[in-house]
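Just below is one structure, and these are the notes that go with it.
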Amino acid sequence: MLMKSKHKLSRRGWLKRSLAMAIVAGAVALTAPAQANDTIKIGFSMALTGGLAGAGKGALIAMQVWAEDTNAAGGLLGKQVELVYYDDQTNPANVPGIYTKLLDVDDVDFVVSGYGTNLIAPAMPIVMQRGLVFPSLFGLAVNEKFNYPNYFQIMPAGPEPLTDWSKGFYSVAMAQDPPPKTIALVGADAEFAKNAVKGARIQAEELGLEIVYDESYHPKTPDFTPIVNAIQARNPDMVFVGSYPPDSVGMVKAATEVGLKTKIFGGGMVGLQFASIMTALGPKLNGIVNYDFWVPEPTLKFEGVEAFLAKYQKAAEGQGVDPLGYYLQPYAYAYLQVLGQAITATNSADHAVIGEYIRNNSFDTVVGNVSFAPNGEWAKTRVLMVQYQGIEDNELATFTKAGTRVVLYPEEWKSGTVNYPYAE
Amino acid sequence: MTADALLDVRAVTKRFGGFTALDQVDMEVRAGERFGLIGPNGSGKTTMINCISGTLANEGGEIVFKGVKLDGKKPHQRTRLGIARSFQIPKPFRSLTVLENLGIALEFATGTSRSEVQERGMAILETIGLAERARANAGSLTQIDMRKLELARAMATQPELLISDEAMAGLSSTEVDDILDILFKLNEGGITIIMIEHIMRAVMRFSTRIVVLDAGRKIAEGNPDEIVNDPEVERAYLGE
Amino acid sequence: MKWPALKLSPFWLCAAAIAVLGIAVTIFDLFNINTFIFFAGYVVLQYVVLATAWNIMGGYMGYVNFGTAGFFAVGAYASVVLYNLFQAPLALMIPFAGVVCALLGLAMGYLTLRLRGVFFAIATLAMAIVLETLIINWEFVGGATGAYILRSREQAPFGDYIEFLFFVMLLLAIFAVSVARWLELSRTGRGFIAIRDDEIAAECAGVPTLRLKLIATTVSGFLMGVAGAPFALYVSFIEPSSAFNLIYAVNAIAMPMIGGATTWLGPVIGALLLGTVQQVATVTISSELNLLIVGIVLVFFVIVAPEGIVGLLKKWLGGRRDDR
Amino acid sequence: MFSVELLVNALIAGVLLGGFYAAVSLGLTVSFGQLNIVNIAHPAFIILGSYIAYMCNSLWGLDPILTGIIFIPVFFLIGAGAYRLYYESFERKDDEALRGLAFFFGVMFIIEVALIMVYGVDFRTVQASYIGQSWKAGGIGVPTRMFVPFCVAIAMFTAVYLYMSRTFNGRAIKAVAQDRLALQLMGADPVKIKQLGFGISIGTAALAGALLIIIIPVEPSVGRLYIGQVFAIAVLAGLGSIPGTLVAGLILGIAESLVSTFFGPSWAPAVAFGILLAALAFRPQGLFGR
């Protein structure tokens, strides 16, 4: 056909053009920012959009506070610190590219992880290949498979993250008289919640508790009333929940509406630590026993944490992030503190030397004294079990006061006593 | 059934929910015939065509074409057996040229090789009178040309039986004559034609035999004269 | 008509040249290309495969598949299954994932293709969600917790493993585009167009529409599956919410639309362009604007340039079909 | 584990959830079912409604349902404008199947990202007196957080149903996709009628969004999760049938609730979509379809 030959010509032209376009675009990507050797660059990916962006943005602000603090104090190895970061869009597929860009194009001196297990794991092969020190932020049992000696995880889950997570929940419950006999386990069908429930299941079996309900739900479940009803029908003494922010809210609402009767309720509910959700739920939180990482109780006023929070809260204004910054933010500051202290102490930029130092020393940070187990987790768990107590309104200020989230566990940091049972 | 029946429709029934569109309709089309199928709106003409061409499945009765039972056969299989149809509302392949439209039918229905499409397609377009529009986009045709394309594409499947579904609706009287001429010419070439039409003048002039449907039932059958004088037909069209 | 022989040669010449170039930069480290380019390039090429696969259904036949992420994820998880069973090599994973997804496409086709186009689109959406639920509840592949797949550091003779992955994806992209182009130029491809323009008319013109649609879903599924097969190796850790990420579905639609959905070249251009822009934006803009680009570019193109870039180029080069 | 009490509770929860599902799908029944416009961005408009309810609630303490009602006219205008653009760009050129779909896909993304830029990705909730209460009789409980949205949903259904069946314009909307010509002969401009219909469709999103944020916390991309559900209901209903939408919503709600109560909640969404796939495969015209 006549026209077809014309097509052929132009098609060939397009192919050339599209190739040319790809090459040009690639070249743009290659163009590195101006190289400067008078700074120490720390690179990372962070979830600034997508599902984990709330946490990611908060972490980023905390990390920027650390950089300012460090630079004000003279930097590291006599050089100013510069943070180089990219948005991973909460998509793990973006992570490998970002870390190679950081290392090969931006020539960063150090890398630290982004936020969350899914976004930490994809970077592991790259940092392992190059033998880099890799401080990580809130990954759950990432190193179980990789067994990488230079991996250091700042979340205080402890050397056995699966079970250490809910240890406090059982410890508080089993100390009661009479101790509970039955437990219901419920969790979202997603990475963290599954692990949290798994750990809770292992311990329930070890303690000889009868598991009367053990189900997971789809993370997008809109109404939790049927689930709470089904749990209530089994009358468990304990209810352990592994959930994410929206379903934590749904679960708490449904529990108050149904009038869930159990002796202890909570455990691994992510989101109840966030200012926006605490103010939304207000008094409905009373009695819930849930994990936490930092709360403004007198036992947890570590050196520098209040100064940090003041700076963070100022920087966070109008950024659409958590205005209090208790949960994750001090740890985002601390994992850089660990790296910075190790660099200063060894006076070296050699990853092997620094890794060796971190493995063998402890660090005073805004989240307290940190030392790492051989698998890179905290040497000793410090997942707090706190109970919401005496909350009467939905004001933000309420949650800045001591006594609203009383630390029950670990014993070392205990700041009050448990109200038991949850509801009868 | 007579020996020379090309298409034999036996007691065909089709229901849509509670509505019976065709009720035990029998009809027989002989080879080489010019057959008219008429009836008021909603009488079941289009449903009948859809059952014959296979776009609808009849529930009762059977349809036999050249001695082959059509039940369960897909429309494209019936097309390959030699039943072609045009559509009341033209359905051209809009992103293709007129010739390429025919190419689809030629390649798929008759297995014409790509290299012969041009020649055979152009031959059909000559017959239909659409040759000079061969390279035009099918979507850009005028109404009359679209009707012609419908017929041309149907012809490209090399049918023995051509069903023309209201190919003249909305056309001017010279255009109607134009289409009629084409259909006569095709019939002379040996193709049996079923014409569904509202334009009485055209049906009566064209058909050698006519079946009248009303409310899903066959109410009359015969040559044009008999039909015109049938009281039942009159009642169906004019109401009681 | 003498064009088939003539027409094949420049395309295959280009394909061969690209493959040779791929070998040169991966095995012989020609141009000393930065590792980052391989990582980014892998993602872009993966989109070339996905967009091309989508376009076989969407562009040629007019059946919009919202379930690209479902096929992609099933391909990725098929690899996880093989890995968990006996640490299968990638060379086995790819055909296995392809066959699994081809069967999935066939099954989906049987189930849904008698439906009108829009219903089909919704059914694909539902199917992706059902598949995600199944994977979430399947502990063998990690369930909701996810699964680790440890890749080796190096792969001879490519050196760095990512160079190997990049090269594999390059071959897959060439393969996918060749298949799409071959379909487009074949009788089957012309049947696809007839189905897109009017399905009933196509059927009545002798086109076996159901069979062609099943061919399309099967081939399209196969290609989406092979695109997903190396994914777990690329990210090392796979869990349902990232494997079923909606971005794959969105990009698989946006890329052909932007490039031009009626030819094999459209999705290639769209994927190279949009994919590269996304990769560049990831390391430059780093904000919500990144997502906004996809949305705005997509809306802009469908309104202003319905034929995509290919259509624009066609006009610009004056190679427009004359109607008269 | 089975008891009558549990069954009754599951049914109540299912009915209440189903009413809400139906409210969320109503707009799509009008646009997709009656006007033949595949507005894949409908859930995004609902989320926009949620955020407006959130904004008014957090700034001035306005009741979310009241906000929803106030904003119906605003959304109506947005919808009418969006249809105009859609018509000029796609429908007039007979190009809605592929590009129109892609257009709404893009719109969905733009709304989502715009919300992220303004509000961030935190989950937002509203305060109202009826959230967190419940009526109890024996072991049976009715949470008002679900009951109030259910009542509003029923009211909205009744209003739209009456409008569509009792007024000239309403009947014209129902007819427009089937028979444009007849409409023109009756002196109605099909484009204007579709504009009106699409306006109503988007208008319902304002109120549905308010209901959504009463029931669950909302973040900008949560709408995506509901695309499947709302289309499932619209299809199951038989496209364009308003009573059918209500019934289909209830069926989905009850199915999810029963499965969630008795078989384990992780299968609830799969069962719902199983129903959809079965409906598509065996009865594509839907429950109330023609």
Side-chain angles (χ1 to χ4, degrees), chain B residues 49-50 53-56 74-87 89-98 100-119 132-133 135-141 149-150 153-159 163 165, chain C residues 1-8 55 58-62 110 113-114 116-117 182-215 260-263 266 306-308 310-311 314 319-324:
Chain B
I49 301 177
N50 285 338
S53 66
T55 44
L56 286 176
K74 299 224 167 63
H76 73 266
Q77 290 168 319
R78 300 183 192 205
T79 305
R80 288 172 187 184
L81 277 174
I83 301 175
R85 68 172 291 186
S86 70
F87 289 93
I89 299 160
K91 293 174 177 289
F93 304 132
R94 287 174 184 274
S95 61
L96 300 179
T97 66
V98 167
E100 284 168 340
N101 263 263
L102 269 60
I104 297 287
L106 283 167
E107 279 194 278
F108 280 95
T110 70
T112 307
S113 77
R114 183 95 171 115
S115 51
E116 289 169 46
V117 160
Q118 165 109 6
E119 194 188 327
E132 74 277 19
R133 305 288 290 149
R135 301 198 185 283
N137 254 325
S140 69
L141 296 180
L149 174 57
E150 280 292 319
R153 195 175 58 195
M155 286 310 298
T157 67
Q158 294 186 328
I163 305 170
D165 188 4
Chain C
M1 285 192 208
K2 51 193 190 292
W3 52 263
L6 262 178
K7 214 169 156 85
L8 285 176
N55 203 45
Y60 297 169
M61 230 171 61
Y110 261 114
L113 274 174
R114 267 159 291 194
R116 265 204 300 142
W182 173 72
L183 275 176
E184 186 181 326
L185 297 177
S186 72
R187 190 179 82 150
T188 308
R190 291 187 286 278
F192 288 167
I193 294 172
I195 291 172
R196 180 184 68 205
D197 284 355
D198 196 306
E199 198 164 326
I200 293 174
E203 179 76 28
C204 287
V207 180
T209 53
L210 185 63
R211 197 169 78 214
L212 290 199
K213 286 193 287 185
L214 290 178
I215 290 175
T262 49
T263 71
E307 300 293 317
V310 169
K314 223 190 262 184
R320 232 172 129 194
R321 216 174 254 200
D322 189 6
D323 280 359
R324 297 301 119 188

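Numbers restart at 1 for each chain; the letters A, B, ... are given by sequence-line order, proteins then strands.
- Rounding to the nearest 0.5 Å gives a distance of 6.0 Å between CZ of Phe108(B) and OG1 of Thr188(C).
- Residue Thr79(B) comes nearest to Ala205(C) through the heavy atom pair CG2-C, 4.0 Å, listed as atom of the first residue, atom of the second, then distance.
- Counting heavy-atom pairs closer than 4.5 Å to chain C, the top residue among Arg85(B), Lys91(B), Gln77(B), Arg80(B) is Lys91(B).
- Smallest separation of non-hydrogen atoms from Glu203(C) and Pro75(B): CG-CB, 3.1 Å.
- Of all heavy-atom pairs spanning Ala201(C) and Arg153(B), the tightest one is CB-NH2, 3.4 Å.
- Taking CZ of Arg187(C) as the start and CD1 of Ile104(B) as the end, the distance is 9.5 Å to the nearest 0.5 Å.
- The structure places CZ of Arg94(B) at 15.5 Å from CD1 of Ile193(C), a figure rounded to the nearest 0.5 Å.
- One distance of note links CG of Asp198(C) with CD1 of Ile89(B); it measures 10.5 Å at 0.5 Å rounding.
- Heavy-atom pairs under 4.5 Å with chain C peak, among Gly139(B), Ala109(B), Pro159(B), Pro92(B), at Ala109(B).
- Here the closest non-hydrogen pair linking Ser95(B) and Arg196(C) is OG-NH2, 3.0 Å.
- Distance check, rounded to the nearest 0.5 Å: NZ of Lys74(B) to CZ of Arg211(C) gives 10.0 Å.
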